[in-house]
There are 2 protein chains.
Amino acid sequence: MSPYDPSAFLPFAVTVDLVVLTVRGQGLCALAVRRGEPPFQGRWALPGGFVRGDEDLAQAAARELAEETGLCVQDTGGAEAAHTAHLEQLATYGDPGRDPRMRVVSVAHLALAPDLPAPRAGGDAHSARWAPVEDLLGRDGVAGPGGEPPVPLAFDHARILADGVERARSKIEYSSLATAFCPPEFTVGELRRVYEAVWGVALDPRNFHRKVTGTPGFLVPTGGTTTRQGGRPAQLFRAGGATVLNPPMLRPEI
Amino acid sequence: MSPYDPSAFLPFAVTVDLVVLTVRGQGLCALAVRRGEPPFQGRWALPGGFVRGDEDLAQAAARELAEETGLCVQDTGGAEAAHTAHLEQLATYGDPGRDPRMRVVSVAHLALAPDLPAPRAGGDAHSARWAPVEDLLGRDGVAGPGGEPPVPLAFDHARILADGVERARSKIEYSSLATAFCPPEFTVGELRRVYEAVWGVALDPRNFHRKVTGTPGFLVPTGGTTTRQGGRPAQLFRAGGATVLNPPMLRPEI
DNA sequence: GCAAAAGTGTTAAGGCTACACCCATGT
DNA sequence: ACATGGGTGTAGCCTTAACACTTTTGC
């Protein structure tokens, strides 16, 4: 049998699942939707859906992201988007039996977004919410917003979420990706709080400031200032053109 | 329409494609197979094949790797394997139209192997060979071993190969992955030549020696020595347990 | 002896950590 | 005045780059 013989064709369903991360308050949060139908009815899951016949994997992920959150992907040319997010492919999960109904291969994507007012429940999801990743990944799983007992995420979504969080944690070390968690204009302190939330550590504000402002291409000053965090007015910056940080941000050991 | 409604099922074919890299002579080489049937008949391509109904994506990739090269994956418990390779998922490619016959989603995997005697043509491939990656990625494509004019790789395999090479180049910076290109026992000089071949740079042998022997868990001495590279006898090492290198190997700028 | 590859020593340059210290605002 | 967060200076530590030098083999 040839590896490309069409007669060897075996039918799979292909979906995209989304790990959408944002920083809210002190911690890292992910978007979860409540399943409205079996299997895992009533359980929380990652947003996602089938890939359509005429679209690329990245297009399918961007479409699902827009349906669930209203976010547009950064490289979309249109300037009318209220909010933009970073989107990249994460990994593909294809265990037989990961979906009890049929053979489903899911191409997971990772999206990073600034803090949004509130998730809008897309099309078919009964509800959607931002939940701290520790809750979603904890042994007990996530509790409902109304105090329902905690249950783990549906399917293998806890594994997918863990992989996405790990990708984000390591990638902000050597890339400018942390700016994707910030609004278009932000201060050095706001960027530092992103690192602290994603890594779960405290960083020295003085050394952090020197480091990020000294890395060429990371931040460009807009000229404006803000006092929205209190204290002395802070300079506002936009993300610079650099995508890779040299030298990288150093993540404290423990 | 629910994103998980089975009636929304759309038939895809799912394949695994393999980027198998090794270091031969002075450079980085990849395994290429010649296609025996349309489309792209006679052109060089990456090895790969359909995922079977009962196997995981990683199992499918390991099976294809064994069929094409006889290599076993490292974490296979059996000690009888003559050669072992590192295998990891790379990325998934699902453009509509990437295969002219049908909608094919390919989950590409990256395999790193020590230098092997010669590729064995698996099952259906007319022939298989190791080719320098610059040749496979060059604008003109790869020439046949008998002097046929060069043609580009089939499908989107040049893109997949480029992504795999980039993954290998960056991952040997911060992980012990470079040892996957070496035989079970190797010298510091042999490991250095791996870095030089993958990065295409020259490294200072003295500083390299200090760095790798000083990184805890990277290399463990076996006690033996060899003179197979000429000169003064060199200590033999095995890969240590460490998978992540701290501090990382520094890749020269240019 | 000579070439070749393996190792060790040393020094200067630059990045990081830690912390002292000053600046500009709101209350 | 004081609290709060923003920003700069500096000393010590550590890593790296560059290169001089010694060691051990094959021919």
Side-chain angles (χ1 to χ4, degrees), chain A residues 25-26 172-174 182 185-197 199 201-238 242 244-254, chain B residues 25-26 172-174 182 185-197 199 201-238 242 244-254:
Chain A
Q26 305 304 312
I172 64 173
E173 289 188 50
Y174 59 89
C182 296
E185 297 200 352
F186 53 90
T187 69
V188 171
E190 289 163 353
L191 182 64
R192 175 171 50 81
R193 280 178 275 278
V194 165
Y195 275 91
E196 291 177 331
W199 284 344
V201 298
L203 300 175
D204 186 302
R206 290 84 53 110
N207 292 335
F208 183 87
H209 186 282
R210 227 193 319 267
K211 178 80 179 239
V212 296
T213 55
T215 299
F218 193 6
L219 302 182
V220 292
T222 66
T225 61
T226 182
T227 59
R228 61 190 178 216
Q229 301 288 345
R232 167 177 167 179
Q235 281 185 272
L236 285 169
F237 294 87
R238 270 197 304 271
V244 63
L245 301 185
N246 234 300
M249 300 296 300
L250 287 189
R251 181 176 175 178
E253 289 292 318
I254 300 195
Chain B
Q26 306 303 312
I172 63 173
E173 289 187 51
Y174 58 89
C182 296
E185 298 200 352
F186 54 90
T187 69
V188 172
E190 289 162 353
L191 181 63
R192 176 172 49 82
R193 281 179 273 279
V194 165
Y195 276 91
E196 292 177 329
W199 284 344
V201 298
L203 300 175
D204 185 302
R206 290 87 48 113
N207 293 334
F208 183 88
H209 187 281
R210 225 192 322 266
K211 176 85 178 236
V212 296
T213 56
T215 299
F218 194 7
L219 302 182
V220 292
T222 67
T225 61
T226 182
T227 59
R228 61 190 177 215
Q229 301 288 346
R232 168 177 166 179
Q235 281 184 272
L236 285 169
F237 293 87
R238 270 196 306 270
V244 63
L245 300 185
N246 234 301
M249 300 296 299
L250 288 189
R251 180 175 174 179
E253 290 294 317
I254 301 187

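Per chain, numbering begins at 1; letters A, B, ... match sequence-line order. All values below come from the heavy atoms of this structure, side chains included, with hydrogens, waters and symmetry mates left out. What you see is a predicted model, and the numbers here were worked out from it, not measured in a lab.
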| task | Measure the spacing between CE of A:Met249 and CG of A:Leu203 and express it to the nearest 0.5 Å. | result | 7.0 Å
| request: Starting at atom CD of A:Glu196, determine the distance to atom C1' of D:dG5, rounded to an integer number of angstrom. | output: 13 Å
| message | Between C1' on D:dG5 and CG on A:Leu191, what's the gap in Å once rounded to a whole number? | response | 16 Å
| query | Between CZ of A:Arg228 and CZ of A:Phe186, what distance do you get to the nearest 0.5 Å? | reply | 10.0 Å
| field | salt bridge (Lys or Arg N to Asp or Glu O under 4.0 Å) partners of B:Arg210, counting only residues at least two apart | value | none
| remark: Taking every heavy atom of B:Pro216 against every heavy atom of B:Ala242, the minimum-distance pair comes out as O-CB, 3.9 Å
| Start and end of chain A contact along DNA chain C [non-hydrogen atoms, under 4.0 Å] | C:dC16 to C:dT25
| said: What is the separation between atom CG on B:Asn207 and atom C1' on D:dA20, rounded to the nearest whole Å? | reply: 12 Å
| remark: With sequence neighbours left out, the residues meeting ring pair (Phe, Tyr, Trp, His ring centres under 6.0 Å) with A:Tyr174 are none
| Any idea which heavy atoms bring B:Thr227 and B:Gly231 closest together, and the distance? | CG2-O, 4.2 Å
For nucleotides 23-27 of chain D, print each protein N/O atom paired with a nucleotide N/O atom at under 3.5 Å, atom names and distance only.
residue : atom : partner  : partner atom : Å
D:dT23  : O2   : B:Arg232 : NH1          : 3.0
D:dT24  : O2   : B:Arg232 : N            : 3.3

| request: Give a yes/no answer on whether the side chain of A:Arg192 brings an N or O atom under 4.0 Å of OP1 or OP2 in D:dG6. | output: yes
| query | What is the distance, rounded to the nearest whole Å, between atom CZ of A:Arg193 and atom C1' of D:dG5? | reply | 8 Å
| Among all residues two or more places apart in sequence or in another chain, which pass the salt bridge (Lys or Arg N to Asp or Glu O under 4.0 Å) test with A:Arg238? | A:Glu185
| So which of residues 208-220 of chain A are in contact with DNA chain C, with a heavy-atom cut-off of under 4.0 Å? | A:Arg210, A:Lys211
| remark: One should read off an interatomic distance between B:His209 NE2 and B:Asn207 CG, to the nearest 0.5 angstrom, of 11.5 Å
| request: Mind checking the OG1-CZ spacing from A:Thr187 to A:Arg192? Nearest 0.5 Å is all I need. | output: 8.5 Å
| To the nearest Å, how far apart are A:Asp204 CG and D:dT10 C1'? | 14 Å
| message | So, taking the atom named NZ in B:Lys211 and the one named OH in B:Tyr195, what distance separates them when rounded to the nearest 0.5 Å? | response | 9.0 Å
| message | I need the B:Leu191 CG to B:Phe208 CZ distance, nearest 0.5 Å. | response | 4.0 Å
| request: Identify whether any heavy atom of B:Pro205 sits under 4.0 Å from a base atom; if not, whether one sits that close to sugar-phosphate; answer base, sugar-phosphate or nothing. | output: nothing
| message | Rounding to an integer number of Å, can you tell me how far B:Leu250 CG sits from D:dT16 P? | response | 6 Å
